[in-house]
Amino acid sequence: MNVNFFFEVLIGGLLSGVMYALVAIGFVLIYKASGVFNFAQGAMVFFAALTCVGLIDKFGLSVWLAIPITIVVMVVLGLAIERVVLRPLVNQPEITLFMATIGLAFFIEGLAQLMWGSQVHKLELPIEDVPLQFLLDKFNIIVSQFDVAAAGICALLVTALALLFARTKVGRALRAVADDHQAALAVGIPLQRIWAVLWSVAGMVALVAGLLWGARNGVQFALTFVALKALPVLILGGFTSMPGAIVGGLIIGASEKLAEVYLGPMVGGGIEGWFPYILALLFLLVRPEGLFGEKIIRRI
Amino acid sequence: MQMNEIEAHLGASAGRRTGPVILDMKNISLSFGGVRALTDISFNVKEHEIRAIIGPNGAGKSSMLNVINGVYRPQQGEIIYRGEHRRNMDCYAAAKSGIARTFQNIALFKGMTVLDNIMTGRNLKMKSNFLLQALYWGPARREEIEHRIKAEEIIDFLEIQAIRKTPVGRLPYGLQKRVELGRALAAEPEILLLDEPMAGMNVEEKQDMCRFILDVNDQFGTTIVLIEHDMGVVMDISDRVVVLDYGKKIGDGTPDEVRTNQDVINAYLGVEH
Amino acid sequence: DQFIALPSYRVGPYAAGGSGFYGGVIDYFNLVNMNGGVNGVKISWEECETEYNPSRGVECYERLKTKNGGATMVEPLSTGIAYGVLDRLPQDKIPMTMLGYGRSDAANGKVFPYVFPLITSYWNQAAGMIKYLGDKSGGMDKLKGKKIVHLYHDSAFGKEPLPVLEALSKQHGFELIKIAVPPPGSEQQSQWLQIRQANPDYVILWGWGVMNSVAIKTAQRNGFPREKMLGVWWAGSEEDTVPAGDAAKGYSAMTFNTPGNYPVMDEIHKKLYDAGKGNLADRNRVGSVYHMRGVTAAILWVEAMRTAQDKFGKGKAVTGEQLRWGLEHLNVDEAREKAIGAFGMLPVVKTSCDDHEGSGAVKVQQWDGKKWNAITPNWVVGDKALTRKLLEDSSNAYAAEKKITPACAK
Amino acid sequence: MTMNTAAAAETVSSQPYLSVNNIEVIYDHVILVLKGVSLQVPQGKIVALLGANGAGKSTTLKTISTLLRGERGDVTKGEVQFKGERVDQLTPNELVKRGLSQVMEGRHCFGHLTIEDNLLTGAYTRSLSRPQLKEALDKVYHYFPRLKERRASQAGYTSGGEQQMCAIGRALMAKPSMILLDEPSMGIAPQIVEEIFGIVKDLNQKENVSFLLAEQNTSVALRYADFGYILENGRVVMEGAASDLASNEDVKEFYLGVSGAGRKSFRDMKFYRRRKRWLA
Amino acid sequence: MFYREAGQFKTSYQADNQIFPIRQDRIALAALLVVALALALAPVLASPYALSAILIPFLIFSLAALGLNILTGYAGQLSLGTAAFMAVGAFGAYNFVLRVPGMPILLAFVLGGLSAALVGIAFGLPSLRIRGFYLAASTLATQFFVLWCLTKIPFLTNNSSSGVITAQKITILGYEFDTPASKYLLVLGVVAVMALLAKNMIRSNVGRSWMAVRDMDVAAEVIGFRLMRTKLLAFAVSSFYCGVAGALYAFAYLGTVEPEAYNLDLSFRILFMVIIGGVGSVLGSFLGAAFIVLLPVFLNVLAHGLALPTNVASNLELMVFGALIVFFLIVEPHGLARLWQIGKEKLRLWPFPH
Ligand SMILES: Nc1ncnc2c1ncn2[C@@H]1O[C@H](COP(=O)(O)OP(=O)(O)OP(=O)(O)O)[C@@H](O)[C@H]1O
Ligand SMILES: Nc1ncnc2c1ncn2[C@@H]1O[C@H](COP(=O)(O)OP(=O)(O)OP(=O)(O)O)[C@@H](O)[C@H]1O
Ligand SMILES: [Mg+2]
Ligand SMILES: [Mg+2]
């Protein structure tokens with residue numbers, strides 16, 4: 001076996017994992033803070049990226065101008081979601097809220113394409129997606145500098161959000177909300193304001209994910225599918241853990257690539273579609289709440 | 001179990017009898033991580049008696065019940081139930097061998113009606129397989145109706161006829177407690193474990209509840225293990241009381257003995273009741 | 001008038017392709033109507049949103065088929081939907097075209113009288129690809145010992161060409177390496193690492209949707225030259241290359257509608273878009289691959305209408321059954337193409353009961369960073385004898401399974 | 001006892017701090033639960049809300065704290081005033097900021113948070129410095145030493161009584177001027193029940209906090225309260241000074257379990273009590 | 001006035017245990033069935049379009065939704081792999097007919113359903129430890145794995161090069177079901193019988209065991225339900241229903257199918273039906289299927305009526321669809337079935353408001 005190749009696969013997998021984690025963070029954020037499994041996360045990623053690119057392509061704005069404007073748009077979207085969807089559904093069962101986010105996903109997908117058309121776009125970020133030269137020269141290993149930058153951004157985001165949850169009053173309140181809406185209201189946590197802020201932040205996280213994935217794959221409807229890549233990461237790392245998203249991403253990314261490369265050919269290939277799910281499932285059998293997820297309290 | 005029968009029987013309650021030891025807990029210890037919920041506790045329950053467990057909050061009373069019917073597995077100790085020695089119980093075996101219970105934080109099936117909840121209590125007695133049930137035919141149908149009759153008797157007994165078809169989630173707390181008792185009774189248990197069955201009730205309702213408990217005990221000879229914080233109730237209806245504090249046993253005996261035990265007064269009662 | 005059912009999709013993951021294709025179709029219909037229709041018969045149509053979803057597509061088909069006195073033709077541009085209505089066509093007597101998709105053996109008119117995979121099928125495309133690669137390497141014999149990767153969408157679509165590719169690899173002695181990409185294919189790092197490891201001479205990109213641009217991008221990330229990549233015609237549109245940005249430069253793909261300037265396209269620009277009557281919201285997309293593919297399809301349909309009218313009466317709308325006859329007796333030769341103003345845009349198409357494809361020729365186009373350019377001056381035709389045999393075997397097996405006695409419709 | 005009688009002797013002279021006027025509540029659009037309930041809580045007083053299971057006590061409290069919306073309940077009539085201002089359209093957060101806190105029935109702790117974090121969320125509406133927070137925490141721990149021992153445990157794993165204490169402590173952290181207490185004694189050891197009511201009295205007297213408490217433990221409640229309301233079937237059927245209620249024969253019989261002959265043993269109840277309804 | 005149960009006394013528990021204890025409901029259901037039958041027999045009432053493009057898929061989706069509802073609504077196990085079970089049913093039935101000479105088609109459907117049930121049990125095993133959204137996400141493993149197998153194992157698709165199968169003709173006792181009306185009747189029959197069976201299961205001990213496990217599994221265990229058995233039975237029954245629905249989808253609706261027809265999208269659509277219709281309600285499965293099948297059609301027709309440009313119309317359609325889902329959830333989080341029930345309750349009280 002070629003050791004060099006092995007490392008290349010491994011590193012490529014780890015970096016892909018970081019990209020998955022980027023999407024998973026958005027899910028964790030909302031789930032941890034309100035107990036809502038946000039089906040619309042993929043749609044938000046698409047919406048954010050498309051808005052940004054639309055501003056660039058249609059109105060000729062520069063990236064640096066388009067991004068702040070998109071942030072404003074995402075905040076407005078967050079506020080609207082809180083007002084129209086979440087507020088009337090306080091204290092409803094998880095499954096209802098989940099369904100509401102499905103409705104939301106349809107709405108956002110329609111809105112995005114209505115505003116910007118169904119055309120695909122390219123997105124150029126200042127970081128190029130080419131192999132890092134010195135690694136290629138020295139070890140003949142391909143590592144894209146884009147991925148390295150993405151990993152940096154991802155680490156930054158996770159650290160910031162993890163600190164928010166662990167260290168601040170708002171973070172504590174958010175975790176409380178996820179446990180019990182009614183009780184959170186009763187102690188005076190301003191659920192509505194908190195949710196509005198939360199969804200706005202989730203919108204921004206979606207924008208980051210959208211920009212990075214968009215630069216990689218182009219900005220097109222299929223961006224909504226990246227959520228599928230994030231799900232196994234999510235269950236492996238735990239729905240409620242920011243670091244879990246990263247660790248889960250790394251494990252899933254690396255193992256799915258290794259499996260595809262080394263096991264795939266034996267069974268006809270294309271196993272990446274289900275392998276991460278089965279892997280996550282096996283992990284769950286040992287730890288039903290993921291690697292770092294909060295234990296589900298079942299007591300009578 | 002007809003109403004009139006029960007009422008006719010009430011007079012006979014004076015002649016109470018307790019039998020041999022049916023359940024013997026030996027040196028039970030249970031801890032959760034660092035928290036020692038139970039430390040080396042032994043006590044026994046005799047047939048037909050009403051055995052109360054009391055103690056301050058967090059003393060380990062509920063945990064004890066959980067050990068008895070197999071929700072928790074103690075790290076140490078032995079359970080002797082009807083002469084059989086076991087390291088621990090498991091839920092299904094416990095139910096199968098006639099242990100039923102109610103819970104401190106009501107554990108009813110929220111989405112189901114009162115009637116359905118009580119019917120679930122009879123599940124171990126239902127034999128027909130699921131294909132017959134799907135066809136709702138022959139034996140399955142007969143069985144269903146038979147058990148429905150039993151369930152209705154319990155509903156009558158607990159005077160909850162009016163809410164028979166209401167989903168339990170909507171009921172006020174006190175009624176839910178009663179339905180839970182009904183579900184446990186439906187299993188026609190030999191030992192009934194009751195975890196604070198009277199919390200959240202007013203005196204009138206407590207009186208009714210006591211009556212139910214005494215009747216069950218008299219009528220069917222059901223052994224009852226009861227946790228309760230209302231000392232009036234405990235002292236009035238129980239035969240023997242075990243007192244826990246911080247996971248340790250600090251007293252065991254008749255209500256009168258316990259009432260005057262200085263340790264118990266210090267740890268729990270505060271004043272003599 | 002002549003009513004055509006258009007179960008189209010303009011939302012969802014494939015919206016970009018759907019809107020381009022149906023935009024082209026409608027543009028050409030409008031143009032024909034402006035010019036007086038088909039011998040005076042106006043074409044009418046109705047669109048119905050399918051979201052590329054089989055059950056919604058079937059509903060659309062059923063809804064449209066009885067409208068306006070009955071639809072006389074249908075084109076869903078989706079394999080799933082096409083399969084969903086396949087069984088219904090003979091009963092309803094409505095012909096369906098499948099331009100460049102669906103089961104390749106449907107070209108056998110004896111078994112599938114109402115289905116028309118016009119111009120070319122996946123099998124002919126695969127044969128054409130190998131032919132092209134052979135020519136490029138300097139002759140078919142030079143393929144011996146070469147490595148060709150078949151990087152495919154892991155679905156019925158991606159597996160369709162395997163019999164042809166496998167047969168040709170045996171025949172010409174090249175090594176065929178099959179690498180599957182699980183749908184939707186938005187991540188392909190491991191596949192491209194495998195490709196890098198194998199170091200093949202060519203990569204056939206048998207992709208669809210987002211998979212294509214990701215493949216191109218990932219090829220770049222892994223330093224694989226795009227010049228060695230050859231995509232299928234569903235991996236050869238602006239929608240596939242634009243999102244990949246500069247990475248797509250030099251990438252080539254198959255097509256059956258040659259990019260370029262044609263009088264008919266000019267006319268569409270002038271008569272429709274200048275007058276604000278074009279179907280596409282974004283005028284830049286006029287003349288894009290999907291748009292031209294729509295125009296191409298519409299040209300063939302209109303030609304079929306003419307052919308049918310020639311037989312069943314000029315100036316009268318034809319029925320579905322008659323239009324089926326027209327589709328089966330198409331003869332769009334060079335002269336006809338010139339008359340339409342589309343010479344060279346599509347190959348010569350001549351259908352018959354045995355051959356509902358009518359051509360089997362393909363072209364190769366290359367992306368120069370801004371637009372597609374044809375790079376094969378002539379139409380490429382692969383090993384048709386091979387595909388013919390496969391077609392017969394497969395369609396006869398189908399007929400046996402379905403208890404159909406193969407026969408030409410009258 | 002004497003103290004209570006003295007308090008009750010004062011008539012309701014002060015302007016009501018909280019007043020509920022003729023509210024009607026419907027759950028799920030069809031279940032009518034409160035049929036015109038009115039009550040007042042004067043400033044600095046303790047008011048008890050009594051009634052059988054299902055009478056509507058919890059619903060009344062939830063209406064006041066506007067938590068009803070989350071349970072698909074609608075207030076179809078009536079209004080609630082707090083400190084002379086209509087509050088039925090406010091959010092619970094605004095109410096807590098104005099000084100009105102609720103302890104909900106059935107504990108409702110945040111199961112995944114530790115006891116200490118649970119308590120800290122209680123102070124969300126106050127911006128406190130670290131030492132101030134510590135002080136507030138210490139006060140709660142002083143009241144409930146058991147909580148201090150379990151401070152680092154996740155609330156979901158504590159015993160029923162510990163959770164109840166946690167819920168009460170959490171409400172205290174907001175330093176409210178009015179507290180709605182829903183069955184504070186439920187599942188609490190008798191000693192602690194007395195302590196909790198002691199705390200109530202303490203806060204009431206030292207910090208002038210007003211209380212509206214729904215309670216099943218009628219004897220204790222009436223011992224500590226100034227006024228009482230009795231709810232049956234969604235209506236107020238009796239109201240008055242606590243001492244008056246405590247000596248009312250009907251109340252004695254049905255809520256205190258003492259009939260003419262004094263308290264009877266639970267064992268000696270020889271028949272099921274046919275419920276006498278006040279307004280049936 | 002017309003919807004009153006006053007005056008209907010039940011003299012036996014048997015009467016009270018009926019599926020529809022209230023007489024008006026029974027009458028309504030009977031009327032509905034008569035109408036459903038009449039639809040097929042009188043072309044005046046329902047065009048072939050309505051039968052073959054609306055009613056047949058509606059019934060098939062209802063059956064699948066019912067299957068998922070048994071698992072998710074009654075047994076509380078959220079699943080996103082419904083389409084995979086449908087695929088197993090369809091490809092199973094296809095293979096049984098293909099490989100066993102003289103296999104009666106209805107038996108093949110049942111066997112297809114049973115194959116799905118087996119797969120269901122295998123993938124249901126993790127549910128013993130995994131709960132909630134964790135389980136939901138891991139059921140995606142089923143979805144992707146089953147489809148992958150169908151594309152990779154040529155035997156399953158009778159060595160068809162592309163993995164496409166063509167469902168055999170439906171013939172029962174020599175009668176060929178080939179018109180929309182006859183197919184509709186067949187589907188109606190199957191669905192009606194299976195809905196009845198489901199209703200029976202749900203109101204007897206199996207159903208109660210499912211609901212008990214859903215509402216509080218620890219308590220269910222204490223009462224004597226065996227978690228493993230109950231959950232696996234729910235998976236098996238649910239997948240059986242989905243499998244039969246999948247077979248009907250292939251045989252009575254699409255005809256020619258590729259594995260892709262049973263993609264994740266379909267799984268989601270069926271989940272939407274369950275949630276919109278009402279989690280834990282047989283009626284809800286039907287209402288939900290109607291909503292998801294009919295609403296887009298209705299919106300599509302409406303959008304055409306407005307003569308909007310097609311791409312605008314298509315996007316608006318999607319937005320309105322999403323907005324309506326949210327709207328209905330806000331009006332009634334427990335789904336259309338509950339809305340229906342509340343409507344009935346109001347009717348019962350009418351004209352007195354309370
Ligand atoms: N599953 C568990 N995990 C961790 N700790 C537990 C668990 N169950 C109980 N404990 C702890 O064990 C101790 C005893 O709890 P238990 O519920 O038995 O008390 P209790 O006597 O019933 O009290 P109460 O009267 O308040 O209900 C408590 O301190 C509790 O926090
Ligand atoms: N969410 C709800 N949906 C429907 N009905 C409800 C709901 N909550 C309460 N009810 C009904 O409202 C009535 C009053 O309930 P409430 O909880 O206010 O009673 P309570 O006086 O607090 O009783 P308890 O002493 O048992 O706590 C009861 O009949 C109950 O069935
Ligand atoms: Mg306890
Ligand atoms: Mg209450």
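Only a predicted model underlies this, so the values are computations on that prediction, with no experimental measurement involved. Below, read A as the first sequence line, B as the second, and so on, with proteins coming before strands; counting in each chain starts at 1. Both backbone and side-chain heavy atoms feed into the values below; hydrogens, waters and symmetry mates do not.
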Colleague: Which atoms of E260(A) come close to chain C, meaning under 4.5 Å heavy atom to heavy atom: side chain ones, backbone ones, both, or neither?
Modeller: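 Both the backbone and the side chain of E260(A) come within 4.5 Å of chain C.
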Colleague: Please rank Q194(C), R10(C), R221(C), R285(C) by heavy-atom pairs under 4.5 Å with chain A and give me the top one.
Modeller: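 Among the listed options, the one with the most contacts to chain A is R221(C).
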Colleague: For P182(C) and G270(A), which heavy atoms make the closest approach, and how far apart are they?
Modeller: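 Looks like CB-O, 3.8 Å.
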Colleague: To the nearest 0.5 Å, what is the distance between OG (S186(C)) and CG (L228(A))?
Modeller: 7.5 Å
Colleague: Compare all side-chain heavy atoms of P13(C) with those of Q220(A) and state whether any distance is below 4.5 angstrom.
Modeller: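 Heavy-atom side-chain distance check fails, nothing below 4.5 Å.
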Colleague: Quick one: of D154(C), V181(C), V210(C), D282(C), who has the most non-hydrogen atom pairs under 4.5 Å with chain A?
Modeller: V210(C)
Colleague: So, the side chain of K217(C) versus the backbone of G218(A): is there a donor-acceptor pair under 3.5 Å, distance only?
Modeller: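 No; judged by distance alone, with no hydrogens or angles, the pair does not exist.
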Colleague: Please identify, among I177(C), T218(C), I216(C), V242(C), the residue contributing the most non-hydrogen atom pairs under 4.5 Å to chain A.
Modeller: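 The option with the most such pairs is V242(C).
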Colleague: State, without any angle test, whether Q188(C) and E272(A) hold a side-chain donor-acceptor pair at a distance under 3.5 Å.
Modeller: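 Side chains of Q188(C) and E272(A): no pair found under 3.5 Å.
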Colleague: Is F46(A) in contact with chain C via its backbone, its side chain, both, or neither, using a 4.5 Å heavy-atom distance?
Modeller: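 For F46(A), neither part sits under 4.5 Å from chain C.
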Colleague: Please classify the contact between I179(C) and chain A as side chain, backbone, both or neither, with a heavy-atom cut-off of under 4.5 Å.
Modeller: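 Looking at I179(C), nothing touches chain A.
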Colleague: Regarding S190(C) and E256(A), is there a side-chain donor-to-acceptor distance under 3.5 Å anywhere?
Modeller: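 No.
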Colleague: Check each atom of W274(A) against the heavy atoms of chain C and say whether the ones under 4.5 Å are side chain, backbone, both or neither.
Modeller: neither
Colleague: Return the option, out of Q189(C), Q197(C), Q220(C), with the maximum number of heavy-atom pairs under 4.5 Å with chain A.
Modeller: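 Option with the greatest count: Q197(C).
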Colleague: Using a cut-off of under 4.5 Å on heavy-atom pairs, state which of S118(A), A222(A), A259(A) scores highest against chain C.
Modeller: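 With the most close heavy-atom pairs to chain C, the winner is S118(A).
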Colleague: Just by distance, no angles: are the side chains of S19(C) and Q119(A) close enough, under 3.5 Å, to form a donor-acceptor pair?
Modeller: no
Colleague: Run the side chain to side chain contact (heavy atoms under 4.5 Å, CB included) test on R216(A) and E187(C) for me, step by step, so that the C-alpha distance in whole Å, both residues' side-chain angles and the decisive distance to 0.1 Å come before the verdict.
Modeller: CA-CA 10 Å; R216(A) 243 184 148 194; E187(C) 236 295 316; 3.1 Å; yes
Colleague: Say you draw a straight line from OG1 of T241(C) to NZ of K122(A); how long is it, rounded to the nearest 0.5 Å?
Modeller: 10.0 Å
Colleague: Rounded to the nearest 0.5 Å, what separation is found between the CG atom of L10(A) and the CG atom of L193(C)?
Modeller: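 Here the interatomic distance stands at 11.0 Å.
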Colleague: Less than 4.5 Å to any heavy atom of chain C: does that hold for the side chain of Q113(A), its backbone, both, or neither?
Modeller: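 For Q113(A), the contact with chain C is made by the side chain alone.
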